[in-house]
Amino acid sequence: MSDLDTLKAEIKKLSARAMDAKMNLHDLSEELPINWDQILPTAQKAHEAFDELEKKRAELKKLEAA
């Protein structure tokens with residue numbers, strides 16, 4: 001498998017992880033004020049997931065442009 005294919009597969013996994021984190025944050029918001037103390041850790045996980053996804057997408061774009 002090429003580096004490009006490997007990166008695309010990794011992005012697919014990261015995208016699924018980011019969407020899962022997004023849904024966890026959404027579900028938490030619907031339950032408020034129950035579990036309000038989980039807002040920061042849940043939001044941090046979502047932020048990290050989307051940050052990693054965006055970095056890999058930028059890496060892919062750079063690799064495709066080369």
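Every heavy atom of this structure was used, including side-chain atoms; hydrogens, water molecules and symmetry mates were not. Counting begins at 1 with the first residue of the sequence.
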Point to revise | Cluster check I34, L28: I/L/V/M/F/W/Y, side chain < 4.5 angstrom | key: no

Point to revise | Approximate separation, where rounding is to 0.5 Å, of L25 CG and M23 CE | key: 10.0 Å

Point to revise | By side-chain contact (heavy atoms from CB on, under 4.5 Å) - contacts of E54 (at least two apart) | key: R57

Point to revise | L4: side-chain contact (heavy atoms from CB on, under 4.5 Å) partners, not counting sequence neighbours | key: S2, K8, L60, L63, E64

Pairs of donor and acceptor atoms involving the side chains of residues 42-53, under 3.5 Å and at least two apart or interchain, shall be tabulated with distances.
unit_1: T42; atom_1: OG1; unit_2: Q38; atom_2: O; d: 2.7
unit_1: Q44; atom_1: NE2; unit_2: E48; atom_2: OE2; d: 3.0
unit_1: D51; atom_1: OD2; unit_2: K55; atom_2: NZ; d: 3.2
unit_1: E52; atom_1: OE1; unit_2: R17; atom_2: NH1; d: 2.8

